[in-house]
Every structure is written in C-alpha cells, then in structure tokens.
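Each remark here refers to the structure printed beneath this line.
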Amino acid sequence: YQDSNDASQNLSGKTAQVSASVPVAGGSVIAEFADSKTKVAGLDKQYKEYAVGYDYAFSKRADVYATFGRTSVTGQTDGQTAGAGLRVRF
C-alpha cells in the first residue's frame, strides 16, 4: 500500500497491490490485483489491473510461463494483455 501527496502540485494518490502464488500440478498459479486512485487538480482517475498466469519449472534454470491480464482506467477503453515465454537463467 502506498499513499502519496504533493500539495505544491495539487496531486494525491493511493495504490494497493496484492499478489499470490499457489503450487498446482508441479508448477504455480500466479495472480495479481492492483488498484490506484489519483487526484490531480481535482480530476479523479482510477486504474485497476488483474492478472493470472501459470509458471512451470523444467529445472532449476529453465521455466515456461503464460499470463493473461486486464487493465481499466477511468475514461479510457479497457485493455487486455497476454504473454507466454521460456525463461533460462545463466
């Protein structure tokens, strides 16, 4: 959780984020939620983000993952993201 205020710029904001990782079928289901509320010169904006994914480790050095997320911002069209990849640590 973060709470910020800058009276000289007439700006204030609050942000909260929660995430979790749960072992499932040899990998991990991951989930995240974030909510931000910002006020600039009397204008209110709210940003929300949701994401879920799965991460499966092949070994200590390599894993594969896939995620899907949705983002919304006050007054704008909602967005969606998807990603997948192979991660190798050297």
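Index from 1, following the sequence.
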Should [X] and [Y] count as side-chain neighbours, where that means a heavy-atom distance under 4.5 Å?
{"X": "Phe90", "Y": "Arg61", "answer": "yes"}
{"X": "Gln17", "Y": "Tyr1", "answer": "no"}
{"X": "Gln46", "Y": "Asp35", "answer": "yes"}

Classify the angle between the aromatic ring planes of Tyr56 and Tyr54 as parallel (below 30°), tilted (30 to 60°) or perpendicular (above 60°).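 Correct class here is parallel.
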Could you state whether Val24 and Phe68 fall into the same hydrophobic cluster, counting links through intermediate Ile, Leu, Val, Met, Phe, Trp or Tyr residues with side-chain heavy atoms under 4.5 angstrom apart?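 Cluster IDs for Val24 and Phe68 differ.
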Are Val88 and Val64 connected, step by step, through hydrophobic side chains (Ile, Leu, Val, Met, Phe, Trp, Tyr) whose heavy atoms are closer than 4.5 Å?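 In one cluster with Val88: Val64, yes.
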Tell me, please, which residues at least two apart from Asp78 pass side chain to side chain donor-acceptor pair (under 3.5 Å).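 Residues passing side chain to side chain donor-acceptor pair (under 3.5 Å) with Asp78: Arg70.
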Determine the minimum heavy-atom distance between [X] and [Y], stating which atoms define it.
{"X": "Thr71", "Y": "Tyr47", "value": "CG2-CE1, 3.3 Å"}
{"X": "Asp3", "Y": "Gly13", "value": "OD1-O, 3.3 Å"}
{"X": "Asp63", "Y": "Ala57", "value": "CB-CA, 3.6 Å"}

Between OG on residue Ser72 and CD on residue Gln80, distance to nearest 0.5 Å: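 Reported to 0.5 Å precision, the distance equals 11.0 Å.
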What distance separates Ser12 OG from Lys37 NZ, expressed to the nearest 0.5 Å?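 Output value for this atom pair is 11.5 Å.
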I need the full list of salt bridge (Lys or Arg N to Asp or Glu O under 4.0 Å) pairs touching residues 45-60, with sequence neighbours left out, sorted by first then second residue.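 Of all non-adjacent pairs touching residues 45-60, those that pass salt bridge (Lys or Arg N to Asp or Glu O under 4.0 Å) are Asp55-Arg87.
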